[in-house]
Protein chains: 2
Amino acid sequence: MPALLTKNAVPTTASWQERVKDKQHRILADVPPQFIHPELKFSDTEAQDVLDLPTFSQGNPARVMHFPEIYLKADELAITALKAEDIPPAIAAGTWTAVQVLDAFTHRAVMAHQLLHCCISFLYPQAREQAEALDAEFANTKRLVGPLHGVPLSVKDQCRIAGTETTCGYVANLGVWDEEDCLLVDILKKAGAVPFCKTTLSVGCMWGESINNIVGRANNPHNRAFTCGGSSGGEGALIGFHGSPLGVGSDLGGSIRTPSAYNGLHGLRPSSSRIPYYRVLNSMEGQEIIPSVVGPMAQSTKSLQLFVKTVVDGQPWLLDPKSPPIPWREKVVTYIKSRPLRLAFMHYDKHVLPQPPIRKALRELEALLKEAGHDIVPMFVDALNQKRADQFGSDVCTADADHDVQRTRDLSGEPKLPLLPAKGPGALPPQPMNLTESWAFAMDRMEYQASVLKAWQATAATTISGEPIDAYITCVNPSVAHIHGEFGKVRYKGYCATANVLDFSACTLPVTKMDVASNPPDQSETEDGFGKVIPSPQCDRDRWIRENYARNLKEYDGMPIVLQIVARRWEEEKVLAVSEVVEELLNEKGLGLSA
Amino acid sequence: MPALLTKNAVPTTASWQERVKDKQHRILADVPPQFIHPELKFSDTEAQDVLDLPTFSQGNPARVMHFPEIYLKADELAITALKAEDIPPAIAAGTWTAVQVLDAFTHRAVMAHQLLHCCISFLYPQAREQAEALDAEFANTKRLVGPLHGVPLSVKDQCRIAGTETTCGYVANLGVWDEEDCLLVDILKKAGAVPFCKTTLSVGCMWGESINNIVGRANNPHNRAFTCGGSSGGEGALIGFHGSPLGVGSDLGGSIRTPSAYNGLHGLRPSSSRIPYYRVLNSMEGQEIIPSVVGPMAQSTKSLQLFVKTVVDGQPWLLDPKSPPIPWREKVVTYIKSRPLRLAFMHYDKHVLPQPPIRKALRELEALLKEAGHDIVPMFVDALNQKRADQFGSDVCTADADHDVQRTRDLSGEPKLPLLPAKGPGALPPQPMNLTESWAFAMDRMEYQASVLKAWQATAATTISGEPIDAYITCVNPSVAHIHGEFGKVRYKGYCATANVLDFSACTLPVTKMDVASNPPDQSETEDGFGKVIPSPQCDRDRWIRENYARNLKEYDGMPIVLQIVARRWEEEKVLAVSEVVEELLNEKGLGLSA
């Protein structure tokens, strides 16, 4: 059993308020005091960009009045600037020890939590024990224990880790202590990763913002008046703040990709169970028609590749009944990188129009790729039918009419958060599907999947090589991160949910920042600057998103724009190889958010 | 569109009796008259072994009075003795043409149907057209079109084929003509296979005998007083009679393996969607917790391997949303054949005891394998917990309380067949599962799967190499084929359903025949001749099977004994490679049914 965390001081029979109060006292209880800066607080009235706070001493004198301290030392800044893939080589080279790396990220993660409310548990005692063991092992053998040796790992608070609580956002799970790691954490630890922190999420993973009754609302490091997205929003905010080099999120309707997009990150939604879900807690467990998946979030494509290869090399199918025995296929990566990419771009799904700067980013990337010699062909927008996918996504999330979530809330008596719309898309049905309806739903969904596969194959007729496209590129959502409370005004899951309904591999790619000055709000039926006529709004959400952009122009300026690359089912190697090629091209040109 | 079959003469609005009468007239309507022998009939009063009937002219003068005609000519006998894998080379060598092969198998299949009631459609016009095209292509290019060039293919009447009816055993589907092939047939046809016949099955694939209101009851070629099993019983009887070299069945609880066992055949239950199910008709469509799978049935392990490799090489995942992108792994086959096998034997699952001759066959095979140097380790009988798997299997088959089957019956007004027990295992629940119950069921099932995977891994501690077992070997059912009407007395799905619940790869292997003289009925608490004490019956079914064996000793004599080899999920290459090694060993020793 690992080193113990501070246990709950109130029993699980206490009121939900007492249990939450107890937990809030415990979140930082096991972190060394030197990493805690009591003056750092989330503030609604000072909702500015806090991204440069750790480096404050090197710049931005305007911040002096708020943050008079030098928070991170040069070593800590250097370590927390590392990407996941840079850490094991740096340890192998003797530049840093696993303990130094853990301490630096813990320090920065604590700051992130104080400023953004993004964490729910710090596992410092057990992480420290593990990092010390890694350092001892390395001192002894001069060899890394595995490809993630010493990489601090944050996980969404669904991943069971022995000796920790796993809340899934529910008060009912406070004071319930795991006795076993989930298989994913087990594999990652064997590869040398050091789980050090569990991140906040929406209640039961069922919402696109990260709000629960335990830590409240998590916030965006680019602007604290903005949401960090959800349901894996704690990961998004934490990694966005460089408080963790590698995180685990989960995705049923965009829950990895939305926070990745909102915080300027790389995130992968793998196809089902390529990354093992076994012993990861969730709502609506047993719902297998459109399954939730777990996947990585990080600061680079290479981090995602390292994560997936490491996990797959751990042969999760030997213990996870759902995991397909598909080894890491390096051949696919090599093949993709050896020739021009075959891509389609979807600028607009004919249902909800992305914000003007997002469309501009898509057009510019398309032009850049064409210029670099890649084969760009027309997208099968009609066959993809995102409106239909959006409906499937909503239907599966509300299949049991909130029965399971309500049952879990009732265990503690915690109140229902007013998140779901009372009517319209995403609203709860009056009663759960029955078994026959759920089977018909599964068949409809499969026919939809088959129709898209057919359309995908048909792109072979349009490419130079006569082979189908590798992937398509589109936005993650029609809006970038939005202001707190405006979820209902900007949320349209179509661009994300399509990959869930199809069970396709999809990753995010940060490309630029919102430049509102050169992207005025859309005027329907006028020319858009790229030779296309801007259509009239197709539905309420389409109209709301346009109005919302026009109303908050100034606030949106500078927020990250992140695109989405989508390949077919179980094509993780392919989608990540495409991402790598595109990312390198952006870096070469001095473009891209990570450049 | 292929050559047309004789269409229904009565409309789909006619009574179910009229529709059935019309269909019965049409079954042989499109077959050349020289293949039809009106004097051949199924007879309950002459329920003998009809296996040697085609070769009557060469033997058995006792049959003269019943079958005075020479049915198959020498060429036809030679062709129908071929296994699937022998046919393309024979065509390539110019020994036979695809048309000759088709004609010989059609002739023998018609005899099978007349004697056993095993078919439901003959596709001769379109099959002939295809065979002629193959011959023309070969004459022209001197190359085979694919690895199944000219192999006649029978399919369970669930597989949609353009220009045919696909009944799934329901009267309601008579007169409904398919416009497209299912993906599996499409891939097999592209590889050169010639679908020539559709076989009978139990109503909606929901029963372990093959009985429906269209062709009645199908019968066993080894003894027509015996069932051929189900639900893919038409395939079992037809291939058992050498009326087809290769067939497609489906398996939700043993529906490929039971008829393979009852008719002395090789059959493979692949893990889900390794062989594509897309556009294959079924009952309870959309039930995805424990899915039905399609797989091959044939006269040799090599036939099964050829089938699976051919289908997988067709990349079904490009069009079937459920199909995993796992290519044919020849490496696994090579590896298995390069070293001693690691196996466990399960002689008894501690719930229902197999008949004495089956246990003897298991012990003899175990001894033979040990002697040949293979590594035989103890079986994890308790962790496998077949009693639990049997319950899962029953629960999934009755999940909707017969709602879907009843709905389809009601479309035509056909009567319900009195197949299901009124109470006890397999009886219908009073109402369908609700959604929450079905999700809990899915989770229970996954935990069960995970517990077995863990036990499987733990066998590594018992093998010489320190690696887990490749497979385990057990019976297919505790009884061989039984007398018509005695299903309720001998049916225990545990040995089969375990592989379905676990979604494991499982194939059958014919090993010997029932020798009742040297295998007296079990006497509880006496020694069994192998140093084990025979346990008392553990449940009613256990007791019934023992009583049934004792009562029908004489009838059981000579019926085929077929065993089952089970590997893990998506390990088709492995289970078939093990089967090949064991089959070759049996053949070397002059043992085995196919020797």
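Letters A, B, ... are given to chains in the order of the sequence lines, protein chains preceding strands, and every chain is numbered from 1.
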Hey, are the side chains of Arg407(A) and Thr436(B) touching, using non-hydrogen atoms and a 4.5 Å cut-off?
-> yes
Would you say the side chain of Ile326(B) lies within less than 4.5 Å of the side chain of Pro325(A), judging by non-hydrogen atoms?
-> yes
Could you look at [X] and say if it's the side chain, the backbone, both or neither that has a heavy atom under 4.5 Å from chain B?
| X | value |
| --- | --- |
| Arg329(A) | side chain |
| Trp317(A) | backbone |
| Leu318(A) | both |

Gap separating the CG atom of Leu435(A) from the CE atom of Met284(B), nearest 0.5 angstrom = 7.5 Å
Between CD of Gln457(B) and CG of Leu319(A), what distance do you get to the nearest 0.5 Å?
-> 5.5 Å
Would you mind telling me which of Ser271(A), Gly286(A), Ser438(A), Ala399(A) has the largest number of heavy-atom pairs within less than 4.5 Å of chain B?
-> Gly286(A)
Top of Glu288(B), Glu437(B), Arg279(B) for chain A proximity - count of heavy-atom pairs under 4.5 angstrom = Glu288(B)
Relative to chain A, which of Asp400(B), Asn434(B), Leu183(B) shows the most heavy atom pairs under 4.5 Å?
-> Asp400(B)
Heavy-atom distances under 4.5 Å only: say whether Glu285(B) touches chain A with side chain, backbone, both or neither.
-> both
Output all residues satisfying side chain to side chain donor-acceptor pair (under 3.5 Å) with Ser323(B), sequence neighbours left out; order by chain, then residue number.
-> none
Give a yes or no on whether the backbone of Pro321(B) and the side-chain of Arg569(A) come within a donor-acceptor separation of less than 3.5 Å.
-> yes
If contact means a heavy atom pair closer than 4.5 Å, which residues of residues 444-453 of chain B contact chain A?
-> Arg445(B), Met446(B), Glu447(B), Gln449(B), Ala450(B), Leu453(B)
